[in-house]
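Contents: one structure, followed by commentary.
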Amino acid sequence: MSRADPPDLAATQEASRGKTPLLSVTDLRTVFYTDKETIHAVDGISFDIYPGETVGLVGESGSGKSVTARSILGLVDEPGVVEEGQIRFKGDDLVETGWDEHRGDLSIVFQDPSNALNPVYTVGNQIREALKIHQGLTGAAAAERAIELLEAVGIPDAPRRVGEYPHQFSGGMQQRAVIAIALACDPDLLVCDEPTTALDVTIQAQILELLAELQREEELAILFITHDMGVIEETADRVNVIYAGEVVERAPTETLFAEPEHPYTSALLKSIPGRTPPDQRLPTIEGEVPTPNAPADACRFAPRCPIAVDECMRDVPETVQTDAAVDHAAACIFAGDNRDHGDENR
Ligand code: ADP
Ligand code: MG
């Protein structure tokens, strides 16, 4: 999470060039076969994550962020299936080999800490359980490590609090405990699926700061998922904007915020609180994300797009590189050189 320090961003990108990605997702397709319909929840998504960087996945509710996360972790349940694509992690394609070899290398933190914790076991018990499964640690060694982990996530008085139950922790402290459990397996990649959405703003800032610190210390790679562009700006080095199961734009965070190419990204940016004068109503995007219940035969954003033309309703837009040097790309016929044409329609 080097966003707080822009010069670091360039250094990170420079350093990652030529390196092998830790995770490489290629043309991932996850489908839910429900009684009623076939939902193409993740419909051909590709992105890379390099060691030690934070990659953001942002989009409105229902756009396929959590299904992407669950697909990467091998947690898609019936009636869902990872139908196509590769999830290459440390050289293995997890879709082919399965997740067993890498269980401890990937961890996930969900939105609601009270759901993630088991109310009938102490916090320490749950950390020790994870240590036993993933590290083979038991007894005094596990007890000691559990306290260390609670200290690492900033829980004061850890030796005492390790024996407490989840309900004795505040929401923010519960999320810290969940992060401690996620770290117990010593992961290389931490997937954070809206980790601060259930928390109030002050606590949210503390958790983001904690993740940034852990990342610096542990060289963790983070896939950070949120619907909140403000949070993305603070956390991510690079961003993928997702809409109805597809990545519609990808760019380094700074580039995305300064020069959005996709009208959906522009709309998301306009709806960030604080970017609109206080006397004006915050713009929202009319309508909602469509359920991708058929293969794409047009731009899925077109019905809500302020600059859409007939062609957008007829053809699937290609993803075009608008700045190859920083890997800025967008799936819009008005992206890049054609943007002027789109401006005429605005
Ligand atoms: P997000 O996390 O971006 O809010 P999700 O990834 O949860 O969105 O959902 C993406 C799409 O997949 C939605 O249309 C949702 O209805 C569908 N979906 C998710 N889980 C299931 C499931 N278990 N069964 C059927 N459809 C699902
Ligand atoms: Mg979600």
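Each residue takes its place number in the sequence, starting with 1. In listed order, ligands and their atoms are each counted from 1.
- The Ser61 neighbourhood of ligand 1 comprises atoms 4 (O), with distances under 4.0 Å to a heavy atom of that residue.
- Less than 4.0 angstrom separates some heavy atom of Ala41 from each of these atoms of ligand 1: 11 (C), 12 (O).
- Judged by distance alone, the side chains of Glu249 and Thr265 do bring a donor and an acceptor atom under 3.5 Å apart.
- Annotation: Ser63 places an N or O atom under 3.5 Å from an N or O atom of ligand 1; distance criterion only.
- On a distance-only criterion, Lys65 and ligand 1 share at least one N/O pair closer than 3.5 Å.
- The residue from Glu60, Glu288, Glu286 that alone fulfils the salt bridge (Lys or Arg N to Asp or Glu O under 4.0 Å) condition with Arg304 is Glu60.
- Salt bridge annotation for Asp105-Lys90: present, with a cationic side-chain nitrogen under 4.0 angstrom from a carboxylate oxygen.
- Among protein heavy atoms, the minimum distance from atom 19 (C) of ligand 1 is reached at Val67 CG2, 3.6 Å.
- Residue contacts with ligand 1: Gly62 is placed with a nitrogen or oxygen under 3.5 Å of a nitrogen or oxygen of the ligand (distance criterion only).
- By the 3.5 Å distance cut-off applied to N or O atoms, Pro79 is not counted among the residues near ligand 1.
- Contacts with ligand 1 closer than 4.0 Å are made by side-chain heavy atoms of Thr34 only, the backbone lying farther away.
- Of the protein's non-hydrogen atoms, the one nearest atom 16 (O) of ligand 1 is Ile39 CD1, 4.7 Å.
- A cation-pi arrangement is present between Arg161 and Phe169 under the rule of less than 6.0 angstrom and at most 45 degrees off the ring axis.
- Contact annotation for Glu60 and ligand 1: only backbone heavy atoms (N, CA, C, O) come within less than 4.0 Å of the ligand.
- When the options Thr202, Leu210, Leu208 are evaluated for a side-chain contact (heavy atoms from CB on, under 4.5 Å) with Gln206, the one that passes is Thr202.
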Candidate pair Arg250 and Val239, rule side chain to side chain contact (heavy atoms under 4.5 Å, CB included), full reasoning: CA-CA 6 Å; Arg250 62 169 190 269; Val239 187; over 6 Å; no
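- Shown here is Lys270, whose NZ atom has no more than 12 heavy atoms of other residues, nucleotides or ligands within 6.0 Å.
- Taking any N or O of Thr291, backbone or side chain, none lies under 3.5 Å from an N or O belonging to ligand 1.
- Ser61 lies apart from the Mg ion (ligand 2) in this respect, since none of its N, O or S atoms is found at a distance under 2.8 Å.
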Stepwise side chain to side chain contact (heavy atoms under 4.5 Å, CB included) test for Ile222 and Cys192: CA-CA 7 Å; Ile222 295 181; Cys192 298; 4.1 Å; yes
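- Heavy-atom neighbours of Glu318 CD from other residues, nucleotides or ligands within 6.0 Å: at or below the threshold of 12.
- The protein atom (non-hydrogen) at minimum distance from atom 23 (N) of ligand 1 is Phe32 CE2, 3.5 Å.
- Closer than 4.0 Å to atom 25 (C) of ligand 1 lies at least one heavy atom of the protein.
- Residue contacts with ligand 1: Gly64 is placed with a nitrogen or oxygen under 3.5 Å of a nitrogen or oxygen of the ligand (distance criterion only).
- Counting protein heavy atoms under 4.0 angstrom from atom 8 (O) of ligand 1 gives one or more.
- Around atom CD of Glu144, no more than 12 heavy atoms belonging to other residues, nucleotides or ligands sit under 6.0 Å away.
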